[in-house]
Every structure is written in structure tokens, then in C-alpha cells.
2 protein chains.
Amino acid sequence: MSDLLERLRGRGWRLTSQRRVVAQVLDGDHVHLTADEIHARAAERLPEISRATVYNTLGEMVSLGEVMEVSTDGRAKRYDPNAHRPHQHLVCSKCGTVRDVHPTGDLLAELPAAERFGFTVSAAEVTYRGLCPSCG
Amino acid sequence: MSDLLERLRGRGWRLTSQRRVVAQVLDGDHVHLTADEIHARAAERLPEISRATVYNTLGEMVSLGEVMEVSTDGRAKRYDPNAHRPHQHLVCSKCGTVRDVHPTGDLLAELPAAERFGFTVSAAEVTYRGLCPSCG
DNA sequence: TATTGACTTGGACAGCGTCCATCGTAGGAT
DNA sequence: ATCCTACGATGGACGCTGTCCAAGTCAATA
């Protein structure tokens, strides 16, 4: 059973079948799924679960810091259940696939082959996120 | 007159009034604008310019490497005319505003105050982009 | 100035995500 | 075990961002 689910329950979440299913789908995830993929997999177990619920549930998991959002440039966001372990992302510019990577040293240098997963890496970028003075 | 425009002209671009206006709007840009904002500003000078043309023109500038796309997590992409100078981005999670930053040393460390522009920075992330084995 | 292929137009369309009014239900109270 | 009620789920409408296409227009060359 899901670690994730245990952690959420511990935070006073009302446990519904929908939330349970979403957590289970995320839990076994090595690839990083889009909201629609998560919805499709969840619907295999709970046919009438709605898209809105999947979005709500994912959004809540993200704000609780249990799940991480990965935006893949124009495509659908992907959801990474690995929020507790620090890591970076390797994104395919064509299909949007995401892999976790754990680079060391100079982050803008080329990734070591062992971290490249067969990708042809063409760019590395650093983004800082926060609130600007007017939104702060 | 625009540097950007000169560079584009030098690459054999057919020069139209629409392209000229888009380049001019981008050129004076210290903030980073969305496609719609660029369209609005361009339309002040050339009222009947279409959205499609703005998108086409921006897309071409991006593939020529003259302009850089910045994706701001779910919101509209922003366009950065500063593509020739290496730099990273600081993005407001609420309104999507983007500033260029030039960090040195440990990229995941806190940004120095001089590079923070009044933002409250809460995260730094590194993204590697490329093609995965199946798309490669 | 005539020609022509590249560019522009605008409207339809698609993907991703949000919102809202309504209905259902988990979980505490009895 | 049953009741209550506030919180969650539903699904359909909506909005934003971006793409596509067929038809019309025009910059650049001869």
C-alpha cells in the first residue's frame, strides 16, 4: 500500500476512493504521467472518476509538497511522486517524456552518460521560482 | 533601429511590415512579453496584424536562435530577445513575470540580493532538454 | 510592371486546465 | 447502526494558448 497515501492520511485528508486511486496510480510511477494519463489509469479502477477530481487531487498533493509538477514546455504538465528526494529533470522536446536525473558538479556541464538515458541532450537551463515584488 | 532586425535581414528574411513591427516590439523589451502582449503592442502600430502572424514570426525567430522562449509553468510562454547572452531566468509563480539573472558559482545556492530584483525566491530547478531514444 | 512564391489573414479547431452549481458521501456525533 | 453536514466529486461549460488551413496579398526580382 501507498506510502504517499499514508502521508496524506496523516495530514488529515478525507480519504475517498477517488483520492486513493489517484495516489495508487502515482505511486507505482517511474515514468512521469500527465494528468490525462493519470485520469485514464485511475478510470481503469474507478470508471466514473472525473477529470476535475484528478486535477483537484493532483493540485492538493502538489501544494502539500507530496508531488512535484514538471512543466514540459507547451505540453501537459507531468506529475512526479518523487518530491521528497532532490533531483533534476531531463525532458524530451518532442514527446515530453521526463526522467529524473541526479547530476553533480557543474550543473550546466554535460550530463554523464549514465545519467543520459539514451537522450541526446541539447540544453540545460536553470529556473528560479518565487514571487515578484508586486505579487509578494 | 533594431539590431535584431539587421541580423534577421542578413539571414535572407523577406522583410514585411509585420515582421518589422514584431522585431521592434521585442527589441525594446526589458520585461519579457507573452505572444498576446506582443500582438497587442504590435497592433498599436499596425492595427490589422493577426495573431497567427505574430506566432509565426516569433516561431521563426526562435528557430533562428535570435529569440529565446521561456515557459512559465502553465502560463503563456514569454519571449526573450536576449538569446545571444547566456543567462538564466527568475519567474514569478503568481503573475509569470520573468527577469534575466546571471548567477555564478553554485547554481542551486541562493541568488545574491543583487540578482533577486525584489523577488522572494523559493526554488531553483535545472532542466535538461533533448531528444529521448524513441524520438531521437 | 509583371511575375511568383513567400507571407498574411482570420476563423475554425484542439489541447490543457479551471470553474461552478449540484449531487454524493466520509466520518464524527448520537 | 444511523444521522448530519461539511467536504469532496461530478460533468459540462468555459477560457486561454497555440496551431492549422484555404484564400488573398505583397516583397523582391527580372
Side-chain angles (χ1 to χ4, degrees), chain A residues 5 8-25 32-43 45-64 67 69-79 91 93-98, chain B residues 5 8-25 32-43 45-64 67 69-79 91 93-98:
Chain A
L5 211 46
L8 294 171
R9 168 169 235 154
R11 300 201 189 210
W13 251 32
R14 177 177 274 188
L15 192 46
T16 67
S17 51
Q18 292 85 349
R19 288 175 172 186
R20 188 177 356 252
V21 166
V22 170
Q24 285 170 348
V25 167
H32 297 346
L33 304 171
T34 63
D36 255 18
E37 288 164 350
I38 292 167
H39 178 237
R41 299 198 183 188
R45 308 190 190 189
L46 190 64
E48 290 315 309
I49 190 172
S50 71
R51 285 193 329 127
T53 295
V54 171
Y55 277 106
N56 289 341
T57 304
L58 290 172
E60 285 156 15
M61 288 172 173
V62 168
S63 39
L64 290 173
V67 164
E69 254 178 17
V70 187
S71 55
T72 65
D73 211 86
R75 300 167 176 286
K77 287 175 194 159
R78 289 171 181 268
Y79 291 87
V91 179
S93 312
K94 192 162 171 197
C95 69
T97 292
V98 175
Chain B
L5 211 46
L8 294 170
R9 168 169 234 155
R11 300 201 189 211
W13 250 31
R14 176 177 273 185
L15 192 47
T16 68
S17 50
Q18 291 84 348
R19 287 173 173 188
R20 189 177 354 254
V21 166
V22 170
Q24 287 170 347
V25 168
H32 297 346
L33 304 172
T34 65
D36 255 18
E37 288 164 350
I38 292 168
H39 177 238
R41 298 198 184 189
R45 307 190 189 189
L46 190 65
E48 290 314 311
I49 190 171
S50 71
R51 284 192 331 127
T53 296
V54 171
Y55 277 106
N56 289 341
T57 304
L58 290 172
E60 285 155 15
M61 288 173 173
V62 169
S63 39
L64 289 172
V67 164
E69 256 177 16
V70 186
S71 54
T72 64
D73 211 86
R75 299 166 178 287
K77 287 176 195 158
R78 288 170 182 267
Y79 292 87
V91 179
S93 312
K94 191 161 173 199
C95 69
T97 293
V98 174

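A, B, ... follow the sequence lines: proteins, then strands. Residue 1 opens every chain.
Annotation: of the two residues near DNA chain D, B:Arg51 and A:Asn56, the 5′-most nearest-nucleotide partner is A:Asn56. With DNA chain D read from its 5' end, the first of the two nearest nucleotides for A:Gln18 and B:Ala76 is the one closest to A:Gln18.
Checking the phosphate oxygens (OP1, OP2) of C:dG17, a side-chain nitrogen or oxygen of A:Tyr55 falls inside 4.0 Å. Contact check, B:Arg19 against C:dT8: a side-chain N or O comes under 4.0 Å of OP1 or OP2. For the pair B:Thr53 and C:dT9, the criterion of a side-chain N or O lying under 4.0 Å from OP1 or OP2 is met.
The nearest whole Å value for the distance from the CZ atom in A:Arg20 to the P atom in D:dG8 is 15 Å. Atom CD in B:Glu37 sits about 13 Å away from atom C1' in D:dC16, given to the nearest Å. Taking atom CD1 of residue B:Ile38 and atom P of nucleotide D:dG18, one finds them 10 Å apart after rounding to whole Å. The CD1-P distance, from B:Ile49 to D:dT25, rounds to 17 Å in whole Å. Rounded to a whole Å, the CG atom of B:Leu33 is 13 Å from the P atom of D:dG18. D:dC26 atom P lies 11 Å from atom CG of B:Leu46, rounded to whole Å. Rounded to a whole Å, the CZ atom of B:Arg78 is 16 Å from the C1' atom of D:dG18. With rounding to whole Å, B:Leu8 atom CG is found 16 Å from D:dA27 atom C1'.
Nearest nucleotide to the side chain of B:Asp36, out of D:dT17, C:dG10, D:dA9: D:dT17.
Test B:Ile38, B:Thr57, B:Leu46, B:Thr16 against B:Val21 for side chain to side chain contact (heavy atoms under 4.5 Å, CB included) and you get one pass: B:Leu46.
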Set out, in order, the CA-CA distance, both residues' side-chain angles and the distance that settles side-chain contact (heavy atoms from CB on, under 4.5 Å) for A:Lys77 and A:Thr72, then state yes or no. CA-CA 6 Å; A:Lys77 287 175 194 159; A:Thr72 65; over 6 Å; no
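Residues A:Glu37 and A:Tyr79 form no side-chain contact, since every pair of their non-hydrogen atoms from C-beta on lies 4.5 Å or further apart.
B:Arg45 and B:Gln24 form a side-chain donor-acceptor contact under 3.5 Å, judged by distance and modelled atom types alone.
Side chain of A:Arg19 to main chain of A:Arg14: a donor-acceptor pair is present (N/O by atom type, distance under 3.5 Å, no hydrogens or angles). Of the possible polar contacts, none joining the A:Arg78 side chain to the A:Ser71 backbone as a donor-acceptor pair under 3.5 Å is found. For A:Arg51 (side chain) and A:His39 (main-chain N/O), no donor-acceptor pair under 3.5 Å exists by modelled atom type.
Nucleic acid contact for B:Ala52: base, since at least one base atom lies under 4.0 Å from a heavy atom of the residue.
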Annotated protein contacts, base or backbone, on nucleotides 23-30 of chain C with a non-hydrogen cut-off under 4.0 Å, one of B, S, - each: --BBS---
